[in-house]
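In what follows, a single structure is set out as structure tokens and then discussed.
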Amino acid sequence: MRLNGPDACTSELSDAYQLGAAAERRVAESRPGVDFVDSSGWYCVDGRCPVLADDVLIRKDGQHITLEFSERLAVVLREAVLAER
């Protein structure tokens, strides 16, 4: 009998993450030629962050993304960085 599934492991963007991202955005805005890429939408939707994307584990420790998930994001990151130029 299964009592819960992956949805039970969904988390929210932490206050610390949001404060850190806001600080990084301010620094980027204050420096010519520096852009901030908000990656939270790549693994969270409406502030809710699931543990899996398709069949891939997203975070290995609640904060850092797994190698496999980062490999899937490589193209997305490249496009985001190039779009900021």
Side-chain angles (χ1 to χ4, degrees):
M1 175 184 221
R2 187 175 189 176
L3 299 177
N4 51 31
D7 288 344
C9 297
T10 300
S11 62
E12 296 180 2
L13 284 174
S14 69
D15 291 340
Y17 178 91
Q18 293 179 51
L19 288 171
E24 291 169 359
R25 183 185 305 274
R26 284 191 303 275
V27 169
E29 290 171 350
S30 72
R31 304 256 161 78
V34 176
D35 295 305
F36 174 79
V37 175
D38 182 1
S39 62
S40 64
W42 301 344
Y43 48 86
C44 297
V45 177
D46 297 328
R48 302 292 299 160
C49 310
V51 69
L52 297 171
D54 294 325
D55 61 343
V56 175
L57 186 64
I58 295 175
R59 287 176 305 282
K60 62 181 181 178
D61 62 7
Q63 183 175 5
H64 300 95
I65 62 174
T66 63
L67 176 61
E68 186 175 3
F69 189 67
S70 70
E71 290 169 344
R72 289 192 179 194
L73 288 180
V75 172
V76 177
L77 175 59
R78 182 178 190 279
E79 290 173 0
V81 169
L82 293 176
E84 295 295 327
R85 293 181 178 236

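Position 1 is the first residue of the sequence, and the numbers go up from there.
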(message) A side-chain contact here means heavy atoms from C-beta on lying under 4.5 Å apart; do Arg59 and Cys49 qualify?
(response) yes

(request) Decide yes or no for Trp42 and Leu77: does some side-chain heavy atom of the first lie under 4.5 Å from some side-chain heavy atom of the second? (result) yes

(request) Could you tell me which non-hydrogen atom of Tyr17 sits nearest to which non-hydrogen atom of Ser39, and how far apart they are? (result) OH-OG, 3.9 Å

(message) Hydrophobic clustering (ILVMFWY, side-chain heavy atoms < 4.5 Å, transitive) - are Val27 and Val81 grouped together?
(response) no

(request) Take atom CG of Asp61 as the centre, draw a 6.0 Å sphere, and report whether it contains more than 12 heavy atoms from other residues, nucleotides or ligands. (result) yes

(message) Quick check for you: to the nearest 0.5 Å, what is the distance between Glu68 atom CD and Glu71 atom CD?
(response) 7.0 Å

(request) Determine whether Asp54 and Arg72 make a side-chain contact, defined as any pair of heavy atoms from C-beta on separated by less than 4.5 Å. (result) yes

(request) Give, for atom CG of Leu13 and atom CG of Asp46, the distance between the pair rounded to the nearest 0.5 Å. (result) 10.5 Å

(request) State the OG-NZ distance between Ser70 and Lys60, to the nearest 0.5 angstrom. (result) 9.0 Å

(message) So Val51 and Leu57, do their side chains get closer than 4.5 Å, heavy atoms only?
(response) yes

(request) Give the minimum heavy-atom separation between Ala53 and Phe69, together with the two atoms involved. (result) CB-CE1, 3.7 Å

(request) State whether a side-chain donor-acceptor pair under 3.5 Å links Arg48 with Ser11. (result) no

(request) Find out whether Thr66 and Ile58 are in side-chain contact, i.e. whether some heavy atom of one side chain is under 4.5 Å from a heavy atom of the other. (result) no

(message) Is there a path of hydrophobic side-chain contacts, each under 4.5 Å between heavy atoms of I/L/V/M/F/W/Y residues, joining Ile65 to Val37?
(response) yes

(request) Applying salt bridge (charged side-chain N to carboxylate O under 4.0 Å, His left out), name anything that partners Arg25, two or more places apart in sequence or on another chain. (result) Asp38

